[in-house]
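When a ligand or atom number is given, it counts from 1 through the structure's own listing order.
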Amino acid sequence: MAEVRTRSPGKIIISGEHAVVHGSTAVAAAVDLHTHVSIRPDSPRLPDHADGSVCLELKDMNLVFSWALSQLRTSLGDSFTVSSSPVSCTDERMKLIAALVEEQSIPEAKMSLASGISAFLHLYTSIHGYKPGKVVVFSDLPLGSGMGSSASYCVSLSAALLALSNAIMIDNSQGGWLKLCNDDLELVNKWAFEGEKIIHGKPSGIDNTVSTFGSMIQFKLGEVTRIKSSSPLRMLITNTKVGRNTKALVAGVSERTSRHQDAMASVFSAVDSISKELSAIIQSAVPDDISITEREEKIKELMEMNQGLLQCMGVSHASIETVIRTTLKYKLASKLTGAGGGGCVLTLLPTFYYMIVLGQSSKSFLYKNFDCYNTNLHKGDDDAKNLVQVFEYFHKALSSSVLDKVIAELESCGFQCLRAEVGGEGLEICFS
Ligand SMILES: Nc1ncnc2c1ncn2[C@@H]1O[C@H](COP(=O)(O)OP(=O)(O)O)[C@@H](O)[C@H]1O
Ligand SMILES: C[C@@](O)(CCOP(=O)(O)O)CC(=O)O
Ligand SMILES: [Mg+2]
């Protein structure tokens with residue numbers, strides 16, 4: 001095979017980040033923004049790398065790193081593992097890898113990439129051994145923003161390396177983007193978790209799991225339940241562009257936990273209840289429009305409660321609070337997603353926005369909503385004229401588009417709004 005290509009999605013955590021590291025339930029979903037990896041088995045023979053080399057190109061950053069195979073073998077030792085049994089990077093090996101990364105003189109402003117490059121070296125040499133290869137990585141995801149770029153990077157890398165080493169076999173007769181069987185996905189997921197450990201320190205495993213398997217999941221201590229939303233969940237994602245590091249934030253929550261064990265145990269237990277309730281509501285049947293509104297009101301409230309508890313954990317940030325205040329002016333609820341400390345914020349977009357935009361008017365639906373949104377129209381007025389008035393009220397409100405206004409206001413603060421489809425495919429692979 002000339003080249004293996006992989007792509008795997010980022011994610012949003014709808015509830016339970018951080019607490020999930022401490023054993024609480026969390027709910028997460030894949031988003032249609034991916035990390036792409038391509039691997040070619042050969043790399044150019046550079047003059048000082050006579051026996052071949054391993055080359056890593058980070059396309060978005062315009063950076064290329066390479067290591068002579070002889071140097072890798074000398075530094076890391078001759079033996080490497082069988083790729084079908086994932087291994088953790090020991091402290092001793094981590095030090096050796098860190099020295100190999102240090103030699104590459106990463107620009108000061110991009111030092112946060114060091115952990116990702118270390119994860120690469122661990123995965124490459126453990127899965128593929130000391131064979132030459134050229135790896136190219138690029139991503140649709142903002143890095144270090146809470147959307148799981150680290151996990152999708154590890155998933156795409158692990159899958160491409162396992163395929164190159166024939167540790168996973170895929171029927172390529174169909175061509176195009178292919179899915180893996182469940183056993184192979186499990187293997188990829190375990191390797192990706194080993195990479196994620198190097199980047200996050202103490203990951204829960206939720207990010208690599210949702211990136212590998214896609215869809216929407218409920219996750220607790222490695223136990224995964226796939227969940228299906230009974231009606232579409234729409235979220236606006238706002239990137240505050242405030243940089244932060246997941247490893248440091250996760251460590252900060254652990255330190256707070258050791259200082260206030262009982263209080264934090266209660267916080268984690270409350271998050272567990274919120275995630276379980278959220279998961280049940282997301283899956284519950286919605287027989288009519290009113291039920292959709294009620295369901296969204298509950299989701300909204302649970303997201304607000306989760307945000308309050310994330311504040312208790314010390315992972316909110318002034319920029320996150322600004323997004324929350326701004327969206328609240330439009331009666332929209334927001335919470336941070338991922339590790340917090342900046343990064344991305346989720347805002348639930350109620351279905352009625354879309355119904356109005358689509359021009360669908362259901363009497364009961366409108367009555368329910370004008371009550372929620374405080375118009376001066378009355379619930380008892382059910383003649384056609386009033387109904388048209390109600391509909392026009394919303395139409396006017398939305399034709400100047402509430403959503404556009406929220407986005408404009410958020411962007412005027414220097415934030416960037418992303419719209420992403422939630423709950424899609426996981427890892428895919430392609431051969432050429
Ligand atoms: N496309 C990529 N190229 C290189 N490194 C990456 C890439 N994606 C993620 N990483 C690594 O993951 C780190 C970001 O992970 P993290 O702090 O967990 O944030 P998040 O997972 O929310 O994006 C980066 O600093 C880098 O080390
Ligand atoms: C904070 C945490 O719950 C999610 C981190 O996500 P991200 O790396 O910020 O995208 C950590 C974890 O679950 O491993
Ligand atoms: Mg991460």
I need the contact type for Lys11 against ligand 2. Using non-hydrogen atoms and a strict under-4.0 Å cut-off, is it side chain, backbone, both or neither? side chain

Out of curiosity, is Arg244 lining ligand 1, as in a heavy atom under 4.0 Å away? yes

Using side-chain heavy atoms (C-beta onward) and a distance below 4.5 Å, is Met264 in contact with Val253? yes

the protein heavy atom lying closest to atom 1 (N) of ligand 1 turns out to be Val137 CG1, 3.6 Å

Would Thr246 count as being in polar contact with ligand 1, using the rule that some N or O on each side must be under 3.5 angstrom apart? yes

What atoms in ligand 1 come closer than 4.0 Å to a heavy atom of Leu143? 2 (C), 6 (C), 7 (C), 8 (N), 9 (C), 23 (O)

Is Ile13 in contact with ligand 2, taking contact as a heavy-atom separation below 4.0 Å? yes

So does Asp91 pair up with Lys95, basic N to acidic O under 4.0 Å? no

Residue pairs meeting ring pair (Phe, Tyr, Trp, His ring centres under 6.0 Å), one or both in residues 157-176, sequence neighbours left out, come to none

Among Gly144, Ser112, Gly338, which one has a heavy atom closest to atom 24 (C) of ligand 1? Ser112

I want to know if ligand 2 touches Gly146 in the polar sense, i.e. an N/O pair below 3.5 angstrom. yes

Can a salt bridge be assigned to the pair Glu57 and Lys134 using a cut-off of 4.0 Å between side-chain N and carboxylate O? yes

Subset of ligand 1 atoms that lie under 4.0 Å from at least one heavy atom of Ser115: 27 (O)

Please find out if the Mg ion (ligand 3) and some N, O or S atom of Thr246 are separated by less than 2.8 Å. no

Given 3.5 Å as the limit, does a donor-acceptor pair link the side chain of Ser266 with the main chain of Asp262, or not? yes

Can you check whether Val323 reaches Leu336 side chain to side chain, under 4.5 Å on heavy atoms? no

Atoms of ligand 1 under 4.0 Å from any heavy atom of Gly116, numbered from 1 in the order shown, are 27 (O)

Check each atom of ligand 1 against the heavy atoms of Met147 and keep those under 4.0 Å away; list them by number with element. 22 (O)

Polar contacts were defined as any N/O atom of the residue lying under 3.5 Å from an N/O atom of the ligand; does this apply to Ser149 and ligand 2? no

So is there a nitrogen or oxygen of Gly148 less than 3.5 Å from a nitrogen or oxygen in ligand 2? yes

Which protein heavy atom lies closest to atom 23 (O) of ligand 1, and at what distance to 0.1 Å? Ser149 OG, 2.6 Å

Report yes if some N/O of His200 lies less than 3.5 Å from some N/O of ligand 2; otherwise report no. yes

Considering only heavy atoms of Ile206, which atoms of ligand 2 have at least one such atom less than 4.0 Å away? 13 (O)

Between His22 and ligand 2, find which residue part has any heavy-atom pair under 4.0 Å and reply side chain, backbone, both or neither. neither

Leu249 and ligand 2 - part of the residue with a heavy-atom distance under 4.0 Å: neither

If you measure every N/O of Ala339 against every N/O of ligand 2, is any gap under 3.5 Å? yes

Glu17-ligand 2 polar pair, N/O distance under 3.5 Å: no

